[in-house]
Peer 1: 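Let me give you the structure first, and then I'll get to my questions.
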Amino acid sequence: MTIVKLGYVAMSVELQNCSPSQTMTFKQFQAIKDREAAIRKLERIAISNLENCLRLLKHSVANDITFFRFSSRLIPLANHPELSDWKYLKSLKEPLKALSEYIQANSMRVDFHPDHFVLLNTTNKDTLNNSIKTLSMHEALLRGMGVDPEHRCVLHVGGAYEDKGKALEQFIHNWGLLPRSLQALIMLENDDTTFTLNDTLYLCEKLGIPLVFDYHHHLANFENEDDWETHWERVVGTWEHSPLPIKMHISSPRNEKEFRAHADHIDPAMFNRFLQKIKGTVPEIHCMIEAKKKDEALFKLSEDLRGMEGIKMMNQASFMLE
DNA sequence: GTCGGTCAAGTCGAT
DNA sequence: ATCGACTTGACCGAC
């Protein structure tokens, strides 16, 4: 028997005026003559983003969802070089505390997917330093929310730089330059153009990093289409020392031509075929729904799965495979 | 109210 | 060479 929990990403298509990713560009920041006033505006935006996150969590819990990925754009310009003197955490204490209380009270699993500028296998020093800075921000936010930062940020391996083998070894080299607290944050995901499941497993096993399997990416980028089945036990093995249950990403191709793009919703038949293959291999698995329609896609998937062969619904966002 | 252009950051594939 | 996509837009000004 395996318990499956569904989560969704960053924002709701149902809640109005609830963006957790409101922003201010550097250009807009500079246009405000009074720098202190401009910083206060940044802080107002960040506070509003965090308050909207709390609304999103409440909306989620009201619908049985306890698994959620935060936007990584909560604090506009947080790591901009011209704003290195801005101590943004100071102004965010209260909204972070409110999130902390709600997350604990409802035993939520929350995490991040830092954006694609975070590259751990780059040979460019500045890019690596900026990546470290961005990861540190994520760690600080997690601590502010009272969440143990271990395995809360999923990243891609990075760029191929015209030599994938060399790029993998560069990752290992750079890993040694990361502070331990940041190493602990990280999970790695197979990507849809460069680093396959097999490539990613190589790093995860060598460095002790949990692997977040993305089935859609695998279908877009594989050595053998079915090899995920032979590698599945290895994927499970990368979670052996994690305090959290294994997690994976679920999405469906938009269409044949735009195969890599996310569809509005999830194809339930394909998802169930996948689930029936992994049934019983783990006691619990958390599936992050990556679909254009966000929470609506989760609710629709849940409806579609109800009554399907081998599925026993527990509530709107979790079910048993039996 | 809707549409098009714009906005910090890196890399890749498509054109 | 340039552009859009990526993992998740949002905002502003023109109409």
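Chain identifiers are assigned alphabetically (A, B, ...) following the order of the sequence lines, protein sequences preceding nucleic acid strands; residue numbering begins at 1 within each chain. Reckoned from all heavy atoms, side chains included, excluding hydrogens, waters and symmetry mates.
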Peer 1: Looking at C/dT8, B/dA8, C/dC11, which one has an atom nearest to any side-chain atom of A/S21?
Peer 2: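 Nearest to the side chain of A/S21 among the choices is C/dT8.
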Peer 1: Taking the six-membered ring for Trp, does A/F117 stack with B/dA9 (centroid gap under 5.5 Å, planes within less than 30°)?
Peer 2: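 Here the ring of A/F117 and the base of B/dA9 are stacked, with centres under 5.5 Å and planes under 30°.
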Peer 1: Within this structure, what is the CZ-to-P distance between A/F29 and C/dC12, rounded to whole angstrom?
Peer 2: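 So the two atoms are 16 Å apart, to the nearest Å.
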Peer 1: Quantified in whole Å, what is the P atom distance between nucleotide B/dG1 and nucleotide C/dT8?
Peer 2: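 Roughly 28 Å separates the two P atoms.
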Peer 1: Is the closest basic N to carboxylate O distance between A/R69 and A/E290 below 4.0 Å?
Peer 2: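 Looking at A/E290 together with A/R69, the answer is yes, because their closest N to O distance falls below 4.0 Å.
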Peer 1: A/E258 has an atom CD; how far is it from atom P of B/dG13, in whole Å?
Peer 2: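 Rounded to the whole Å, the gap is 18 Å.
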Peer 1: Considering only atom C1', compute the distance from C/dA1 to B/dA8 and round it to an integer number of Å.
Peer 2: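 Straight-line distance between the two C1' atoms is 23 Å.
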Peer 1: Rounded off to whole Å, could you give me the CD-to-C1' distance for the A/E290 and C/dA5 pair?
Peer 2: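 Checked: the CD to C1' distance equals 14 Å.
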Peer 1: State, yes or no, whether a side-chain contact exists between A/R306 and A/F319 at a heavy-atom distance under 4.5 Å.
Peer 2: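 Result no, sub-4.5 Å side-chain heavy-atom pair not found.
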Peer 1: Please determine if a side-chain N or O atom of A/H262 lies less than 4.0 Å away from the OP1 or OP2 oxygen of C/dC6.
Peer 2: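 No.
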Peer 1: Assign A/H217 to base, sugar-phosphate, or nothing according to its heavy-atom contacts below 4.0 angstrom with the strands shown.
Peer 2: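 If one applies the 4.0 Å heavy-atom cut-off, A/H217 turns out to touch the sugar-phosphate alone, with no base involved.
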Peer 1: Without swapping roles, check the side chain of A/S131 against the backbone of A/L119 for a donor-acceptor pair under 3.5 Å.
Peer 2: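 It does hold such a pair.
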Peer 1: Reckon A/S19 has a side-chain N or O less than 4.0 Å from the OP1 or OP2 of C/dA10?
Peer 2: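 Checking A/S19 against C/dA10: at least one side-chain N or O falls below 4.0 Å of OP1 or OP2.
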Peer 1: Quick one: label A/D191 by what it contacts on the DNA or RNA (base, sugar-phosphate, nothing), any heavy atom closer than 4.0 Å.
Peer 2: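 The answer is nothing, as A/D191 stays clear of every strand by at least 4.0 Å.
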Peer 1: Provide the closest heavy-atom pair for A/W175 versus A/Q183 in the form atom of the first, atom of the second, distance.
Peer 2: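 Taking A/W175 first and A/Q183 second, the nearest heavy atoms are O-NE2, 2.8 Å.
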Peer 1: Using the C1' atoms only, state how far B/dC3 lies from C/dC6, rounded to an integer number of Å.
Peer 2: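 Taking atom C1' in both C/dC6 and B/dC3, they lie 24 Å apart.
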Peer 1: Tell me the interatomic distance from A/N190, atom CG, to C/dC6, atom P, rounded to whole angstroms.
Peer 2: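 One finds 16 Å between P of C/dC6 and CG of A/N190, rounded.
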Peer 1: Assess the side chains of A/T134 and A/N79: does a donor N or O sit below 3.5 Å from an acceptor N or O?
Peer 2: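 The criterion, which ignores hydrogens and geometry beyond distance, is satisfied for A/N79 and A/T134.
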Peer 1: Contact class for A/H249 vs. all strands (heavy atom < 4.0 Å): base, sugar-phosphate, or nothing?
Peer 2: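 It contacts nothing in the nucleic acid.
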Peer 1: Do the side chains of A/E296 and A/K300 get close enough for a salt bridge, i.e. N-O under 4.0 angstrom?
Peer 2: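 A salt bridge is absent here (no side-chain N lies under 4.0 Å from a carboxylate O).
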Peer 1: Between the side chains of A/R35 and A/D85, is the shortest nitrogen-to-carboxylate-oxygen separation below 4.0 Å, so that they form an ion pair?
Peer 2: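 Salt bridge flag = yes for A/R35 with A/D85.
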Peer 1: Have a look at A/Q28 and say if it touches a base, only the backbone sugar-phosphate, or nothing, with a 4.0 Å heavy-atom cut-off.
Peer 2: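 It contacts sugar-phosphate atoms only.
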Peer 1: Of all the nucleotides listed (C/dA10, B/dG13, C/dT8), which has the minimum atom distance to the side chain of A/V9?
Peer 2: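 Looking only at heavy atoms from C-beta outward on A/V9, the closest nucleotide is C/dT8.
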Peer 1: Just compare B/dT11, C/dT8, C/dA10 and give me whichever is closest to any side-chain atom of A/L119.
Peer 2: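 Of the candidates, B/dT11 comes closest.
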Peer 1: Expressed as a whole number of Å, how far does the P atom of C/dG4 sit from that of B/dG4?
Peer 2: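 Result for the P pair: 13 Å, nearest Å.
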Peer 1: Across the strands shown, which category fits A/N130 at heavy-atom distances under 4.0 angstrom: base, sugar-phosphate, nothing?
Peer 2: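 A/N130: no heavy atom of the nucleic acid under 4.0 Å.
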Peer 1: Write down the distance between OH (A/Y161) and P (B/dG10), rounded to a whole number of angstrom.
Peer 2: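 It works out to 10 Å between those atoms.
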Peer 1: Does a nitrogen or oxygen in the side chain of A/K292 sit under 4.0 Å from OP1 or OP2 of C/dA5?
Peer 2: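 Indeed not, no polar side-chain atom of A/K292 lies that close.
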Peer 1: In whole angstrom, give the distance that lies between atom CZ of A/F195 and atom C1' of B/dC12.
Peer 2: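 Spelled out: CZ on A/F195 to C1' on B/dC12 is 12 Å.
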Peer 1: Expressed as a whole number of angstroms, how long is the span from A/D115:CG to B/dG10:P?
Peer 2: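 After rounding, the reported distance stands at 11 Å.
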Peer 1: CZ of A/R260 versus P of B/dC12: gap in Å, rounded?
Peer 2: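 Value for this atom pair: 12 Å.
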Peer 1: Ignoring the backbone of A/T25, work out which of B/dG13, C/dG9, B/dA8 is nearest its side chain.
Peer 2: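 Shortest atom-to-atom distance from the side chain points to B/dA8.
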Peer 1: For B/dA9, which nucleotide is its Watson-Crick or G-U wobble mate, given both distances must be under 3.5 Å?
Peer 2: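 When the pairing criteria are applied, nothing turns out to pair with B/dA9, so the answer is none.
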Peer 1: Taking the side chain of A/P81 as its heavy atoms from C-beta onward, which of C/dA10, B/dG10, B/dA8 lies nearest to it?
Peer 2: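 Among C/dA10, B/dG10, B/dA8, the one nearest the side chain of A/P81 is B/dA8.
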